[in-house]
Amino acid sequence: VGGHPMAGSEQVGLDGADGELFVGATWVLTPTATTDPGSYARLQAVVVSLGAEVVALSPEQHDALVAVVSHVPHLTAATLMNLADRKAEKHAALLRLAAGGFRDMTRIAAGQPGIWPDVCADNAPAIVEAFDVLLADLSAMRDRVANGDRAGLLDVLEHAATARRSLPSRAVRPERLSEIRVPVPDRPGVLSEITTLAGDLGVNIADLEIAHSAEGDRGVLVLVVDADGSERLQTALAGRGYRSTARSLE
C-alpha cells in the first residue's frame, strides 16, 4: 500500500523539522486490489499513532486530487513569483509594493525546489490535466476582464469567496467549531493579545489565519475555535475594543 502525509512547510533542512509534524495532518493511504488487509491495518495503526488522520484513496484518485491542491498550486506560485521578479528588474519598487495577497499566493514558492522535478515526473499526467483546466479557466477570466463582463466577474469571484470561506468546514467535527473574524490593526502585539485572551478564557484555537489588507495597515484575524467558547471570546474581545463576527462551521 502506498501513500504519503499531506504535511510540511516551505522550511528547508533540519531547521524545519518538527516532532509534532503529523499531529492533526491528513495522511493519504492508497490501497489497491492486491493490498494485504493485515498489512494495511498495521500501517494505518502506525499512522494514527503519529497523530495523523487517515484517508484512503485509490492511487488514481490520489494523483488527481494532489495535482489540484498541491502540485499545480506550487508550480503556479513559482510562475507568478518569477513574473513579478522579471517585472522588478525594470521597476525596482514593484516587490516593495507587494501586498498581502501576493505574499499569501507566493509563500509556497519559497519551498525546496529540488523535490519538484521528481514530483512532476511521478504525477505528470494528472498535473498536465489539472493545468489544462486551470489554463482554460484563466483564459475565461482574461476574457471577462477584456470584455468588461462585470456580471461574469462578480459571479465567479463571489463563488470563489464562498468556496474559500468554507475551507475550515472540512475540519474534523466542524459542528463543534465556530469561525470568528476580527478586524485588527497591523501593529505589534495584536496577535499575542488575542491569542492570550483566548487562552486565559480556556477557549481552544483550532485554526488561525491572518488576511492582510492591500493597504498593509489593517487585516482580519480569522480564528476557528470551539463553538461553546465562541460567545465568551467575542464578549471579551468587545471589552478590549475589538468588534468581531462569528459563524458556525456546521
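The shortest side-chain heavy-atom distance between Cys120 and His71 does not fall under the 4.5 Å cut-off. The closest side-chain heavy-atom distance from Val220 to Val184 is not below 4.5 Å. In this structure the side chain of Thr76 reaches within 4.5 angstrom of the side chain of Leu134, judged on heavy atoms. At a threshold of 4.5 Å between non-hydrogen side-chain atoms, the residues Arg176 and Asp228 do not count as touching. No side-chain heavy atom of Leu57 sits under 4.5 Å from any side-chain heavy atom of Leu29. Residues Leu75 and Phe131 form a side-chain contact, since some pair of their non-hydrogen atoms from C-beta on lies under 4.5 Å apart.
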### Task
Start with the C-alpha distance between Leu153 and Met141, add both sets of side-chain angles, then the distance that settles side-chain contact (heavy atoms from CB on, under 4.5 Å), and finish with yes or no.
CA-CA 7 Å; Leu153 278 169; Met141 184 68 84; 3.5 Å; yes
### Task
Give the C-alpha distance, both sets of side-chain angles, the deciding distance and a yes or no for side-chain contact (heavy atoms from CB on, under 4.5 Å) between Ile180 and Val222.
CA-CA 6 Å; Ile180 299 178; Val222 183; over 6 Å; no
### Message
As a quick check of understanding, evaluate side-chain contact (heavy atoms from CB on, under 4.5 Å) for Asp149 and Asp143, giving each step before the final call.
### Response
CA-CA 8 Å; Asp149 183 4; Asp143 290 345; over 6 Å; no
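Within a 6.0 Å sphere centred on CD of Gln44, other residues, nucleotides and ligands contribute more than 12 heavy atoms. For Glu231, the CD atom sits in a loose shell: 12 or fewer heavy atoms of surrounding residues, nucleotides or ligands are nearer than 6.0 Å. No more than 12 heavy atoms of other residues, nucleotides or ligands lie within 6.0 Å of CE in Met105, so this atom counts as exposed by the packing criterion.
At a cut-off of 3.5 Å, with distance as the only test, no side-chain donor of Tyr242 or Gln234 sits close to an acceptor on the other residue. At a cut-off of 3.5 Å, with distance as the only test, a side-chain donor of Arg42 or Ser39 sits close to an acceptor on the other residue.
Of the listed residues (Leu208, Ile205, Asp207, Asn204), just one forms a side-chain contact (heavy atoms from CB on, under 4.5 Å) with Val224, and that residue is Asp207.
Using a 4.0 Å cut-off between charged nitrogen and carboxylate oxygen, Lys87 and Glu89 do not count as a salt-bridge pair. Contact check on Glu209 versus Arg164 returns a salt bridge, with a Lys/Arg side-chain nitrogen under 4.0 Å from an Asp/Glu carboxylate oxygen.
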